Chemist: 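Shown below is the structure under consideration.
Just so you know, these numbers come straight off a predicted model, no measurement behind them.
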Amino acid sequence: MTAPNIAAACDALAHLDVDTNPVSVRSKSRDFFWYSPVLKDRLDGIQADFVVAPKTEAQVIEVLKTCYAQNVPVTTRGAGTGNYGQAMPLAGGCILHLHKMNAVKHIQTGRVIVEPGCLLKDVDAATQAHSGQELRMFSSTRSTATIGGFIAGGSGGVGSIHWGALRDIGNVIRLRVVTMETEPRILEITGDELYRVIHAYGTNGIITEIEMPLAPAYDWVDMFLTFKDFREALEYSHALASCDGLLLKLVTIFEAPIASDYFQRVAPYVDRDDVVIALMVAPHSMPGFETFTTAYPNARMIYRSDDNNWVKGPGRVFEYGWNHTTLRALKVDPSITYLQVSYGTDTPIPVIEQIRAMCSPEVLQHVEVTRQGGRIGMGGLSLVKFTDEARLDEIVALHEAHGALIFNPHRYTLEEIGRQSTDKRQLEFKRQADPRGLLNPGKMIAWEDPDWSYDRMYAWPGLIKGPVHATQEKAPQWPTATARASAPMSRRPDGAQFSPGIIWTGDNLGIPRGMNDTWFRQMCRCVKCARGGLYTSLVGCTCRVCRATGCGHSTGMGGSAPAASAIGEPVFAPWCGMPDWSCPALPQGFCRAVPGNTPVYQRRLRYDPTPPLAGFPRTGIRCDWSDAHHRDPAHRCYRTARSAPAGGHGYNH
C-alpha cells in the first residue's frame, strides 16, 4: 500500500478543527491503557500525527474521504476512558475526535437519539429533564465517558444486573455508521446487524448517531453493607439479585481489605476484615429489600444515601465499582492491576471461592453481579498485585484451568480481550466498510492474520511509536545507585556545593512517559503500615492507607540530604537548588538537591512543553523561583529567561 501522505491530508482538512500540536496530539492519542503494566510497556509512546474534531456528520465524511485518498489511518475517539488501548492509534495517522458531536437530538417515551460525543451524564440529564427517563445502563465513568465510546468500546456496566449486556437484544436500537471508502456511505444499522458494530472499537465504521432505549428514572438509594464472611456476602448478593420483584441497579462485592485499604471515604467506617457490598436500589423496592435483608443477621448497613450521619459522604456508590475499583486501588498502590473474569451463571460462587482460595491475597476478588441470558451471573474485575508478566500469565492460566473465563485486559485486540476467536460478522463488515483496513488498524487480528493461534500475545507488526517532535523529548532515565553514589560534588557560581542529584517526581512535576507521581509512590512506602503508597506534597508525605504522616524520608523544606526509603531507594526533597549539567548521575534537564538550602534559594519544578529559546538547550523543566534574587546573570535560568513576571517566576532552563 502507498505510504500515508500526512501533509496532504492536513492541508486538505485545514479548514476544519485540526490539531497538530505534539503535546495535545499526544494527550489525545492515549486512553487508560496504563491500567495494565503489559499494555503500558507495549503502547506507551503511541501517537497520532494529527487530530480532527468534526462537528457534523458531513465533516466526518469529509475526513474519511480525504484520509482514504491519502492512505492515512483513522482512529476514532470519544473521551478516551477505555482501558485496552481501544482509542490509541497504533499506526499513527489521524485521530477522529468526536467530542464536538454531542447533541441530544430527539427524546420520546422509551428512546433517545443522540450524537456519539455526548457524555453519558448529559444524556441522562437531558432525558430526565424532558420526561423523567434515563439510560438503562452506563459505565462507572459516566461523568466523563461518551455514549459513542460506551457502545464501541464497552460491554456493560451499572444497570447490567437488570438489563444484561449492551449486545443483548434490545439494548441498542439503531446505529448510524459511515464507511471509509472512496465515497463513504451512510448505513442505518439495526437488528442482527448491530452486532457488527457494537464493541468493535471503530475498526469497521464510524458511528455518527445512536438510538438507545430508556427506562424510568429513579432517585436510586445508594448503600454500603458489610459482612465478615466472604462466602455469605456472595450468597446474599446472588439471592438478592434473583428477587424478580426488586428493582436493582448495582450489586458489587469487595473482598477484604479492598474497602479499608483503597476507599478513602469508606475506610473510617469499616474494619480491615470487612467484606463490603455496594448497592443501588429503587426507592419503591426499599421495603422489599429490607424484608429480604432481615434474613441475613450478619449483614450490617453502614451507609444509606437517604439516611446517614457521615460527616463526608462517599459520593455515588457506582464510582467504587466496575473499573473505578481498579482506579482507586492504583491511586494507593501503583503495582495493582486487574483481570476481567466471567464466573458464569451455573455455579459462580464455588468457582469464585476456589480461585480465591488459590490466589488471595495476590488476587483480591471484586465481583459484579449481572444478568446474562436471563440468568444471574457473576463476573470479576479482580485486583491483582503485579510482579511480572510471566506471573500474570500464570494467574490467567490458573483461572481458565478452573472454569473461570478471562477477558484479558492486558491485550489490545478485539479477539484477545474477547473469547480468542474471530467474530466473523465484524470481519466481514470490515471488508465491506473499510476495504483498505485504515480504520483503527492493529486491533482486529482476523484482518491481519486469520490463522493466529493465540499461543502468545499478539504483536501487530505495523505498530509504530509517535514521532519525536522538537518540543517532545524522551523522558530521562533514572540514574543507577552506583552513578548516584559516585557523583562528584560540584559548585554553583557563588561557590556553594551540590550534592548528588536525586529526581523528585511528586505532585508538582509531570514528566512524560510515566515518571510521575504514580511512579514515585511505587518506590515510596509507608514505614508504619508498609502497605500504602504515599501522597507527596511540598511539606512531606501522607500514607493513603493508614494516614500516617512522614515516611522516613527527608522531604522537608530546605532540601536537606535525602535518606533511604523503606525499600532502599533515596527520595528527593521537594526543594532543589541551582542546576548544574555537569553531574554524571543527573539526567539532562533535572536539577540536583542542595543540602542546607535557605528559602531564598527554593524553587519548584514542573514540566514545561514550550519550545526553547533560540540558542539555548531544551531541558523540559520550568523553574519557579521564590525570590527575585535569582535573576542574577550568573544563573543559567536567567540566561534563558522567557518574559519573566515580577518576582522572578517563569524562568526556563
Chemist: Regarding K40 and the six-membered ring of W34, is the cationic atom NZ or CZ under 6.0 Å from the ring centre and inside 45° of its axis?
Modeler: no

Chemist: State yes or no: are the ring centers of F292 and Y296 separated by less than 6.0 Å?
Modeler: yes

Chemist: Classify the side-chain pair R196/N204 by whether it contains a donor and acceptor separated by less than 3.5 Å.
Modeler: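 Checked: R196/N204 side chains show no N/O donor-acceptor pair below 3.5 Å.
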
Chemist: Between E428 and K424 (salt bridge meaning N to carboxylate O under 4.0 Å), is one present in this structure?
Modeler: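 Answer for the salt bridge query: no.
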
Chemist: For E134 and W220, does a side-chain donor sit closer than 3.5 Å to a side-chain acceptor?
Modeler: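 On atom types as modelled, these side chains qualify, holding a pair under 3.5 Å.
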
Chemist: From D273 CG over to K228 NZ, what is the distance, rounded to the nearest 0.5 angstrom?
Modeler: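 Result: 3.5 Å between the selected atoms.
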
Chemist: With no hydrogens and no angle check, just 3.5 Å: does a side-chain donor-acceptor pair link Y458 and Q420?
Modeler: no

Chemist: Side chains of T422 and E415: donor-acceptor distance under 3.5 Å anywhere?
Modeler: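 Result is no, nothing qualifies.
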
Chemist: What I want to check is whether the side chains of T293 and E290 have a donor and an acceptor closer together than 3.5 Å.
Modeler: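 No, no side-chain donor-acceptor pair sits under 3.5 Å.
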
Chemist: Which one of V367, V369, T252, I161 satisfies the side chain to side chain contact (heavy atoms under 4.5 Å, CB included) criterion with S237?
Modeler: V369

Chemist: With no hydrogens and no angle check, is any side-chain donor or acceptor of R265 less than 3.5 Å from a backbone partner on G313?
Modeler: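 Yes, the answer is positive, given that a donor and an acceptor are paired below the 3.5 Å cut-off.
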
Chemist: Quick check on the 6.0 Å ring-centre criterion: do Y201 and H199 meet it?
Modeler: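 Close enough - the centres of the two rings lie under 6.0 Å apart.
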
Chemist: Rounded to the nearest 0.5 Å, what's the gap from CG on L364 to CD1 on I336? Could you check?
Modeler: 7.0 Å

Chemist: Are E368 and H366 close enough that a side-chain donor and a side-chain acceptor fall under 3.5 Å?
Modeler: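 Result is yes, a qualifying pair exists.
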
Chemist: Shortest non-hydrogen contact from E255 to R356?
Modeler: OE2-NE, 2.9 Å

Chemist: Are the aromatic ring centres of Y35 and Y84 under 6.0 angstrom apart?
Modeler: no

Chemist: Decide if the gap between the ring center of Y236 and the ring center of F227 is smaller than 6.0 angstrom.
Modeler: yes

Chemist: Is it the case that the side chains of S335 and K385 hold a donor-acceptor pair, with the cut-off being a distance below 3.5 Å and no angle test?
Modeler: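 Judged by distance alone, the side chains do pair up.
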
Chemist: Rounded to the nearest 0.5 Å, how far apart are CD of E319 and CZ of R328?
Modeler: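 Spacing of CD (E319) from CZ (R328) equals 6.5 Å.
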
Chemist: Check the pair Q372, T370 against side-chain hydrogen bond (donor to acceptor under 3.5 Å, both in side chains), reporting the backbone distance first and the verdict last.
Modeler: CA-CA 6 Å; Q372 304 171 21; T370 62; 3.1 Å; yes

Chemist: Answer yes or no: does atom CZ of R167 have more than 12 heavy-atom neighbours from other residues, nucleotides or ligands under 6.0 Å?
Modeler: yes

Chemist: May I ask you to establish whether R316 and F318 are in a cation-pi arrangement, using a distance under 6.0 Å from NZ or CZ to the six-membered ring centre and at most 45° from the ring axis?
Modeler: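 No cation-pi geometry.
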
Chemist: Ring centroids only, cut at 6.0 angstrom: are F263 and Y320 within range, meaning strictly under it?
Modeler: yes

Chemist: Any chance CG of D192 has more than 12 other-residue heavy atoms, nucleotides or ligands included, within less than 6.0 Å?
Modeler: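 Result for CG/D192: open.
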
Chemist: Checking side chain to side chain contact (heavy atoms under 4.5 Å, CB included) against C359, which of V384, L339, L398 comes through?
Modeler: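 With C359 as partner, V384, L339, L398 yield a single side chain to side chain contact (heavy atoms under 4.5 Å, CB included), made by L398.
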
Chemist: Looking only at side chains, do N298 and E232 share a donor and an acceptor under 3.5 Å apart?
Modeler: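 Yes, a side-chain donor-acceptor pair sits under 3.5 Å.
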
